Amino acid sequence: MELFLVIVAFLLMLLGILGSFLPVIPGPLTSWAGFLVLHFTEGVQLSNTFLIVTLIIAIFIYVLDYIIPAIGTKRFGGSKAGMIGTTLGLLVGLFFPPFGIIIGPFIGALIGEMIHRNDTNKALKAAFGSFLGFIASTFLKFIVAIIFLGFFIVKLSGHDASWF
């Protein structure tokens, strides 16, 4: 059972890293779930303080994930249509790796802004802001998920119980 929990926790950590790029999976929160599963193993000691602090960080990043792209879009004159376009562009871009994940949000934001207003210059500017917000948010989630993986490895290296 011990080994099974460690494997599940590790898979959640990896899924959390993927979730940094995929909008349907909350990256850092999924990685935190890996900590929670690891907490229930006998050989790894995770304090309640560690779990609470990392949960607060994961929730904070989760909330920022919605705020940062909106700030980028608003700062560059974008609308809600641009933000929706960014998300849809990312989903479509997932089918065209690796560049679709990068280009998709920009094209989606541009199309969303062009539908909302027929001004190419304003639409390009807003799409760029939306894209920058998306990139910043994704980068932040990825960094936190990688740090969580690092903590996971450090905590797991101190494993002191039988694996079976």
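Because the structure is a prediction, the values reported are computed rather than measured. Values reported hereafter were calculated over all heavy atoms of this structure, with side chains retained and with hydrogens, waters and symmetry mates removed. Index from 1, following the sequence.
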May I ask you to decide if P26's main-chain N or O and T30's side chain share a donor-acceptor pair within less than 3.5 Å?
yes

Hey, quick one: are L110 and I135 part of the same hydrophobic cluster, counting side-chain heavy atoms closer than 4.5 Å, chains of contacts allowed?
yes

Supply the atom-to-atom distance I67 CD1 to Y62 OH, rounded to the nearest 0.5 angstrom.
12.0 Å

Residue list, side chain to side chain contact (heavy atoms under 4.5 Å, CB included) with I147, at least two apart or on another chain
I143, F151

Can you sort out the partners of I17 under side chain to side chain contact (heavy atoms under 4.5 Å, CB included), two or more places apart, ordered by chain and number?
F142, A145, I146, L149

May I ask whether M1 and L12 are part of the same hydrophobic cluster, defined by side-chain heavy atoms of I, L, V, M, F, W, Y residues being less than 4.5 angstrom apart, directly or through others?
yes

Restricting to non-hydrogen atoms, name the atom on F131 and the atom on P105 that form the minimum distance, rounded to 0.1 Å.
CD1-CB, 4.4 Å

Applying side-chain hydrogen bond (donor to acceptor under 3.5 Å, both in side chains) as the test, list every pair that has at least one member in residues 31-58; sequence neighbours left out.
W32-T54

State whether the number of non-hydrogen atoms from other residues, nucleotides or ligands found under 6.0 Å of F106 atom CZ is greater than 12.
yes

If only atom types and distance count, is the side chain of S157 paired as donor or acceptor with the main-chain N or O of V154 below 3.5 Å?
yes

Do the side chains of F21 and K141 get nearer than 4.5 Å, heavy atoms only?
no

Is any side-chain heavy atom of L36 closer than 4.5 Å to one of L55?
no

Geometric class of the F152/F35 ring pair [parallel <30°, tilted 30-60°, perpendicular >60°]
tilted

CG-CG distance between L46 and L156, expressed to the nearest 0.5 angstrom
10.0 Å

So how far is it from M114 CE to D119 CG, rounded to the nearest 0.5 Å?
8.0 Å

For I115, the side chain to side chain contact (heavy atoms under 4.5 Å, CB included) test, sequence neighbours excluded, returns I111

Under the rule for side chain to side chain contact (heavy atoms under 4.5 Å, CB included), what residues qualify as partners of I84, not counting sequence neighbours?
K80, L88

Yes or no on side chain to side chain contact (heavy atoms under 4.5 Å, CB included) for K122 and E113, after CA distance, side-chain angles and deciding distance?
CA-CA 8 Å; K122 286 185 180 178; E113 289 298 331; over 6 Å; no

Atom of I68, atom of L140 and distance for their closest heavy-atom approach:
CD1-CD2, 4.0 Å

Point-to-point distance, once rounded to the nearest 0.5 Å, from OG of S137 to CG of L132:
12.5 Å

Minimum-distance pair of heavy atoms, taken over all atoms of G78 and A126
CA-CB, 3.2 Å

Within the 4.5 Å heavy-atom criterion, are I25 and L22 side-chain neighbours or not?
yes

Less than 4.5 Å apart, side chain to side chain, heavy atoms only: is that true for L124 and T120?
yes

Evaluation steps, side chain to side chain contact (heavy atoms under 4.5 Å, CB included), between F96 and I103
CA-CA 10 Å; F96 304 97; I103 296 170; over 6 Å; no

Side chain to side chain contact (heavy atoms under 4.5 Å, CB included), that's the test. Do I71 and F76 meet it? Break it down for me.
CA-CA 8 Å; I71 290 171; F76 285 80; over 6 Å; no

Nearest heavy-atom approach of A58 to L29 is CB-CD2, 3.7 Å

Please evaluate residues D65 and I61 with respect to the criterion side chain to side chain contact (heavy atoms under 4.5 Å, CB included), reporting the C-alpha separation (whole Å), side-chain torsions for both, the decisive distance (0.1 Å), and the verdict.
CA-CA 6 Å; D65 186 37; I61 297 301; 5.6 Å; no

Residues in ring-ring contact (aromatic ring centres under 6.0 Å, His included) with F134, at least two apart?
none

